[in-house]
Amino acid sequence: MKVLRTIGDYKLHLQQVKSGSRTVGFVPTMGYLHEGHMSLVARAKAETDHVVMSIFVNPLQFGPGEDFERYPRDEERDLALASQAGADAVFLPSAAEMYPSAVKTTVSVSGLTERLCGASRPGHFSGVATVVSKLFHIVQPDRAYFGMKDAQQVAVIQQMVNDLNFPLAVVPCPTLRESDGLAMSSRNVYLSREERKQAPVLYRALQSIDGWMNEEPHMTGAMLEERLRRMIESAPDADIDYVQVLTYPGLEPVEAPLGAADTFIAAVAVKFGNTRLIDNRLFQKQ
Ligand code: PAF
């Protein structure tokens with residue numbers, strides 16, 4: 001596995017890869033890898049010839065007072081895991097390599113970023129869209145793989161790719177979960193023992209939706225949000241940031257009863273102590 005720390009070195013590497021007409025699969029990450037990331041690499045390996053992973057904790061997508069400084073980092077462990085997963089190359093730039101001077105050009109996607117995490121974390125999605133644009137230009141993938149735990153991020157990146165004609169396919173991949181249902185996330189390491197015990201309430205609430213909709217065929221988005229809230233609040237340390245039911249990928253309020261909606265997402269963000277967790281469930285008519 002090649003480890004490339006500069007854009008120049010990556011470009012030389014890419015020349016060799018492309019001279020063999022190989023397709024490039026890309027898994028962008030902020031490191032502190034877990035099985036969710038590994039599953040993205042596995043999917044990329046199955047669908048492309050050469051898999052590139054990036055590891056970069058992007059300062060642009062963290063707001064003041066957020067966890068940029070304490071975001072977990074372990075380069076040695078990440079490189080061992082990336083190699084074990086079968087990545088062919090890891091692009092591991094420094095902040096100075098990615099942002100050699102103050103950034104004056106950013107990418108922002110309107111509409112989709114006004115609700116959910118976009119409302120709670122102003123500037124976050126512009127930071128994500130900007131770094132992902134840069135990474136797409138540098139890495140030049142044919143296919144890019146993203147986990148659906150960050151469903152809003154997937155919608156934003158897909159919109160950006162469509163609007164700006166990036167020549168690649170965005171591939172949304174299922175959320176991987178711990179055995180008790182907690183969605184895998186690099187931030188789970190922040191949870192205390194007690195918080196970790198309570199956190200799977202998010203999964204249990206999202207899983208309860210099917211039963212509630214069977215009981216109440218005319219369930220609306222607002223009714224479902226209320227039930228989710230009540231169940232999540234049964235965990236003593238849960239501090240709800242949002243519980244929202246929206247169309248997907250448009251992220252608009254659902255007007256009709258949910259049974260009639262083609263596709264909707266139930267998305268939650270909840271703090272346990274200082275740790276903010278997100279999760280969601282997507283319902284798509286067959
Ligand atoms: O999902 C993430 O880990 C990040 O938002 C991403 C896509 C790597 C951009 O920094």
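As the structure lists them, so they are numbered: ligands from 1, and atoms in each ligand from 1.
- Taking only non-hydrogen atoms, the option from His124, His37, Gln61 nearest to atom 4 (C) of ligand 1 is Gln61.
- No side-chain donor from either of Tyr248 and Asn280 sits under 3.5 Å from a side-chain acceptor of the other.
- For ligand 1, the polar-atom distance check finds no N/O of Thr29 at less than 3.5 Å from any of the ligand's N/O atoms.
- Side-chain contact annotation: Asn58 with Gln61, donor-acceptor N/O pair under 3.5 Å present.
- A donor-acceptor pair is defined here as one N or O able to donate and one able to accept, closer than 3.5 Å; no such pair exists between the side chain of Arg196 and the backbone of Leu191.
- In the model, Glu195 has no side-chain atom that pairs as donor or acceptor with a side-chain atom of Tyr190 under 3.5 Å.
- Applying the 4.0 Å criterion to heavy atoms of Val131 picks out, from ligand 1, the atoms 9 (C), 10 (O).
- The closest heavy-atom contact to atom 1 (O) of ligand 1, among the options Gln153, Lys149, Met30, Met53, comes from Gln153.
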